[in-house]
Amino acid sequence: MATFQTLPGFREFYPEDLARRNHVFRSWRQTASRFGFSEYDAPVLEPLELYKAKSGDEIEGQLFSFTDKGGREVALRPEMTPTVCRLVGARANALKRPIKWFSIAEFFRYERMQKGRGRCFYQFNADIFGEPGCEAEIELIALLVQCLCAFGLTEQDFYVRLSDRNLWFYYLESLGLDEPRVRAMLSAVDRHEKYGDAAFEPYIKEFGPLDETVKSRVLGFLGVKSLAALEQVLASQPDSRLAARLADWRRVLEALDAMGLAGYVEVDLGVVRGLAYYTGFVFEAFDRKGDLRALAGGGRYDDLVQKLGGPALPAVGFAIGDMTFSLLLEQRGLMPKYIDAPDVYCVIGGANERRAAYREIHALRAAGFRVDYPLRETAFGKQFKAAAESGAKLALIFGSDEVARGAAKIRDLTQRTETEVPREQVVAHVRDFFSAG
Ligand code: HAM
């Protein structure tokens, strides 16, 4: 008989996989709420129109789209940004500013599969609406860093590359490029890291040969890796917008430094982001050592809410993907072995002891402890093995001698110590053990 397989690039989550995913989501939720962000959700299926020309050619080419039974052109969401803009735009006047929202949701892109890239994946999205100043970027970069540090990752493990599409716009305009040329050049810059000079080919095809001075200036700008280098390149530029922009850069970097996060952030004008809607600062997080693709990406997109029919509303946000991030945690040994471990595993003699054990098992669960036990009568040795493998901290032993004495044994499975306690004191003892940490 033919067996059905998942579609290429789609994932199934067996309980141990789901436990890991939940562990990651739990921590992201907790971190976002500590930063004062509120959670929202939205439909998986959206009008195709929402992504056309808004997300950019790359995502548009990767859409899972079809015509529904009512003749509507629809697409599985490839990202959250247009959707959240619609949500916020529709109630912009009623929402308290700044609007700080987050979501954890599944997305679909028909991409070529590779390590850390699939056709369905989850993202943690966090966005701030209504704040035109770079304080929004500061808040979001701090949140991004903390979402990763919450798992024990440090500045040795990852870093955030910070760049600025405004700077690029002003700089390229000062080199004499008009808007269509600027856009084409930015997409060349986006691809340059991967394809080298071949990244300029689409530009040359569209606009003819590339002026050598422009090319060398672009390559020089793309190589800027510090604020000092940026100040130096811009020193000779008369454009006052560039000077004002430098002041924003200093504010962002100084604030992140004051938070103790300077070691996580690097100036890197090589990042411009492929998505079409970004208008200002852009950033991406990467693993420092590995060959993994981006862990997260985001930036400012001040025009999108309005382009989608809402009021003019400045916005900044980012998304962390679950796939590269989980790979990084596994590689660094930071994914806990026991996520859904019970607190207590009960080891039970025969049918008589089982009756006695039921009372304590239920009382412990009602008191808030995670308790597991074998559903069937099983040899003691196997039960102790199961207790050890479960990851439980305590074993509660109901042997015939203990039960006859109206007692149970509590074994600390880490310290390998054991005490006998009267059965009516089991809950209190377990509580003491866990509250002592
Ligand atoms: P993005 O850079 O397209 O940005 O995606 C953000 C993150 O989602 C990536 O860094 C990556 O970790 C993950 N990701 C993207 N595509 C895939 C895939 N095919 N497989 C696995 N993981 C993937 C956005 O989506 C923007 N909407 C982020 C944003 C929010 N900008 C403002 N607010």
Side-chain angles (χ1 to χ4, degrees), residues 132-138 140-142 144-145 155-156 158-179 181-200 203 210-274 278-286 288 294 297-300 302 316 318:
C134 59
E135 285 68 24
E137 277 87 344
I138 295 164
L140 283 161
I141 294 171
L144 167 58
V145 170
E155 58 189 75
Q156 265 87 54
F158 77 94
Y159 67 118
V160 179
R161 300 163 78 189
L162 181 62
S163 180
D164 184 353
R165 283 175 71 101
N166 267 349
L167 264 191
W168 268 107
F169 252 94
Y170 304 154
Y171 188 70
L172 292 175
E173 276 174 16
S174 77
L175 298 180
L177 272 60
D178 59 7
E179 197 185 321
R181 283 183 173 77
V182 168
R183 293 203 174 275
M185 187 57 86
L186 283 181
S187 104
V189 169
D190 184 40
R191 288 164 219 265
H192 193 267
E193 189 165 73
K194 204 161 160 197
Y195 301 109
D197 277 3
F200 293 114
Y203 181 96
L210 182 60
D211 183 278
E212 276 308 313
T213 332
V214 170
K215 185 178 166 191
S216 78
R217 290 280 183 84
V218 166
L219 290 179
F221 208 53
L222 195 151
V224 166
K225 294 268 167 13
S226 69
L227 186 60
L230 185 57
E231 282 166 339
Q232 204 183 354
V233 176
L234 299 183
S236 56
Q237 294 290 330
D239 191 335
S240 62
R241 293 175 307 173
L242 285 167
R245 206 56 196 146
L246 264 183
D248 287 341
W249 269 85
R250 286 190 204 102
R251 259 166 58 210
V252 171
L253 295 175
E254 275 165 24
L256 293 169
D257 186 30
M259 288 179 182
L261 305 181
Y264 289 97
V265 184
E266 290 185 11
V267 177
D268 187 344
L269 295 192
V271 173
V272 294
R273 309 265 304 135
Y278 291 113
T279 55
F281 280 110
V282 283
F283 47 93
E284 279 183 338
F286 283 90
R288 273 203 200 270
R300 180 169 282 276
D302 283 346
V316 199
F318 70 83

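Please read these numbers as outputs of a predicted model, since none were measured by experiment.
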Considering all heavy atoms, the nearest Asp248-Cys134 contact: O-SG, 3.9 Å

Test side chain to side chain contact (heavy atoms under 4.5 Å, CB included) applied to Leu210 and Met185, step by step: CA-CA 10 Å; Leu210 182 60; Met185 187 57 86; 3.6 Å; yes

Arg241 bridged to Glu173 by N-O distance under 4.0 Å: yes

Rounded distance [0.5 Å steps], CE in Met259 versus CD in Glu254: 13.0 Å

Spatial distance of atom NZ (Lys215) from atom OH (Tyr203) [nearest 0.5 Å]: 12.5 Å

Separation between CG of Leu186 and CH2 of Trp168, rounded to the nearest 0.5 Å: 7.0 Å

Minimal non-hydrogen separation, Leu234 against Leu167, with atom names: CD1-CD2, 3.8 Å

Heavy-atom pair with the smallest gap, counting every atom of Ile138 and Ala255: CD1-CB, 3.5 Å

Inter-residue atom distance Asp178.CG - Arg183.CZ, 0.5 Å rounding: 11.5 Å

Val265 vs Tyr159 side-chain heavy atoms within contact, under 4.5 Å: no

Side chains of Leu162 and Val267 in contact at under 4.5 Å (non-hydrogen atoms): no

Arg245 NZ/CZ over Phe281 ring centroid, <6.0 Å and within 45° of normal: yes

Test: Glu266 and Arg288 ion pair at under 4.0 Å: yes

Phe221 ring center near Tyr171 ring center (under 6.0 Å): yes

Cation-pi check, Arg161 onto Phe286 ring (under 6.0 Å, within 45° of axis): yes

Asp197 vs His192, side chain to side chain contact (heavy atoms under 4.5 Å, CB included): CA-CA, chis, key distance, verdict: CA-CA 6 Å; Asp197 277 3; His192 193 267; 3.2 Å; yes

Pairwise distance CG(Asp268) to CZ(Phe283) - rounded to 0.5 angstrom: 14.0 Å

Lys/Arg N to Asp/Glu carboxylate O, Glu231 vs Arg250, below 4.0 Å: yes

Exercise: identify the closest heavy-atom pair between Leu256 and Ile141: CD1-CG2, 3.9 Å

Val160 vs Leu261 side-chain heavy atoms within contact, under 4.5 Å: no

Stepwise side chain to side chain contact (heavy atoms under 4.5 Å, CB included) check, Val282 with Asp164: CA-CA 5 Å; Val282 283; Asp164 184 353; 5.9 Å; no

Nearest atoms (heavy-atom pairs only) where Val271 meets Ser163: O-OG, 2.6 Å

Nearest atoms (heavy-atom pairs only) where Leu222 meets Lys225: O-NZ, 4.4 Å

Heavy atoms of other groups near Arg191 CZ, more than 12 under 6.0 Å: no

Within 6.0 angstrom of Arg217 CZ, more than 12 heavy atoms from elsewhere: no

Residue pair Tyr195 / Asp190, side-chain heavy-atom distance below 4.5 Å: no

Stepwise side chain to side chain contact (heavy atoms under 4.5 Å, CB included) check, Phe169 with Glu179: CA-CA 8 Å; Phe169 252 94; Glu179 197 185 321; 4.1 Å; yes

Side-chain H-bond candidate by donor/acceptor type, Arg273 with Tyr278, under 3.5 Å: yes

Nearest-0.5 Å distance that lies between atom CZ in Arg165 and atom CG in Leu172: 10.5 Å

